[in-house]
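Okay, structure first, notes after.
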Protein chains: 2
Amino acid sequence: MDLINLFNTLNAIQILPADLQLKFQSIVIEEAVPKKALLLKAGMVSHRIYFIKAGFVRAFYYKDGNPYTSWFMGSGEIIISVYSFFSRKPSFENIEVLEDCVLQSISWDQLQQLYLAFPAFNITGRLITELYYIRSEERAIDLQTLTASQRYAKLLAQYPNISQVASLGQIATYLGVKQETLSRIRAK
Amino acid sequence: MDLINLFNTLNAIQILPADLQLKFQSIVIEEAVPKKALLLKAGMVSHRIYFIKAGFVRAFYYKDGNPYTSWFMGSGEIIISVYSFFSRKPSFENIEVLEDCVLQSISWDQLQQLYLAFPAFNITGRLITELYYIRSEERAIDLQTLTASQRYAKLLAQYPNISQVASLGQIATYLGVKQETLSRIRAK
DNA sequence: GGATTCTTTTGACTTTAGTCAAATAATCAT
DNA sequence: ATGATTATTTGACTAAAGTCAAAAGAATCC
């Protein structure tokens, strides 16, 4: 299996030794997941940690009956529903495929075994958790300090072709504005 | 030293065995910290994890020269600048005492020693980290889904006498509105 | 391929929040 | 205590975002 992209992402955090790379080769599974599939349903426990080899996904949750997007992720990124995956409790959010994906993943149990067998890999694990934490803080800071159009510009810089894969409404709830407002931000 | 409140908070997460309680007795230091003191200055690394026995604090950061409040914490709560404390890197945020405090704390090194000597305490540590993560996610969700006055009502429910210790401007930046707007929210 | 459904845009209007300035209230230092 | 400083409130106005409804544009399905 071609794990080059996954190794590139992990090596950027901390270099993976050769024996750990071999171990990955033996446990990672790869699957093609079509648009509209749900990787995680609210109420279920997140069991797997995924790497997006190709494709695009979003996470969303419901509040007072209305859907809100929590985040988007594209190829080269690692996806989990952080709270559910680490706490082993039911997720409040859903993860949905927006563009046909090739995903590579391992289970929570396999990850724990990697931590036991390769203690240095705990550092990578901790750093990934920190990256997620920082991302969550940054999101709150953006909502607190940026205007709606600044947040939209930032999202576009991160995912330049997001408009081709996510709907106006999905992007609007991520930004915290109504879709009519986002349409007008785009127009100018 | 009176660690009853601290033990109550930790026991609510996971029961602390007697020998660990004794260990705490020997390493926790208690200090009185006056209003306006800075527990952490941006650019410095967060070295200690504090328990607020009494008092009130806030964390804030600067963006484009303007201060923004990240969070408030009161007695019975555990405070750290999560990112800096765990990553051992300089903090982007400041922690400021808003009301004279009695703080109990241990250092990062001591915490690591507790993890080594009492492996089960890792679970408490992980749960505290999760609580912080959830708090950060909840903050983003509130900014995304609630109106300014709903956010203010929620803050008041959490810290009913916050107006006595935090200024209008400090609360306003936490809520993501101008202080004139918060003044008008209060008026009605 | 054309009707149906869903998504996005536009328009007119309302509500909410921001801006700037001045007035009032509260706090602090001597 | 009292004058000075700082914090909060209020007013009049502007800007931004929300609401509701309808029209235009895309995508999808027999």
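Lettering follows sequence order; numbering is per chain, from 1.
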Check your understanding: Near DNA chain D, under 4.0 Å by heavy atom, which residues of residues 140-163 of chain A?
Key ->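 Those residues whose heavy atoms fall under 4.0 Å from DNA chain D, taken from residues 140-163 of chain A in numerical order, are Ala148(A).
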Do [X] and [Y] have side-chain atoms, one donor and one acceptor, less than 3.5 Å apart?
X	Y	result
Gln14(A)	Thr124(A)	yes
Ser163(B)	Arg186(B)	yes
Thr69(A)	Arg58(A)	yes

Practice item. Just say parallel, tilted or perpendicular for the rings of Tyr61(A) and Tyr68(A), cut-offs at 30° and 60°. Key: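 Aromatic pair Tyr61(A)/Tyr68(A) classed parallel.
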Practice item. Would you mind checking if Glu99(A) and Lys35(A) are paired as a salt bridge, meaning a charged N to carboxylate O distance below 4.0 Å? Key: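 Looking at Lys35(A) and Glu99(A), the cut-off is not met.
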Review point. Is it true that Glu130(A) and Arg126(A) have a side-chain N and a carboxylate O under 4.0 angstrom from each other?
Key: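 Yes.
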Review point. Along DNA chain D, 5' to 3', what are the outermost nucleotides having an atom less than 4.0 Å from a heavy atom of chain A?
Key: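 Contact boundaries, 5' end first: dA17(D) to dC20(D).
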Point to revise | Ring centres under 6.0 angstrom apart (Tyr174(B), Phe72(B)) | key: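 Yes, close enough.
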Using whole Å, report how far [atom1] of [X] lies from [atom2] of [N].
X	N	atom1	atom2	result
Leu168(B)	dT27(C)	CG	C1'	15 Å
Lys35(A)	dC6(C)	NZ	C1'	13 Å
Lys188(B)	dA17(C)	NZ	C1'	13 Å

Review point. Does atom CG of Leu116(B) have more than 12 heavy-atom neighbours, drawn from other residues, nucleotides or ligands, at distances under 6.0 Å?
Key: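 Yes, the 6.0 Å shell around CG holds more than 12 heavy atoms from other groups.
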Check your understanding: Does Leu182(A) or Lys178(B) map to a spot on DNA chain C nearer the 5' end, using the closest nucleotide for each?
Key ->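 Upstream on the strand: Leu182(A).
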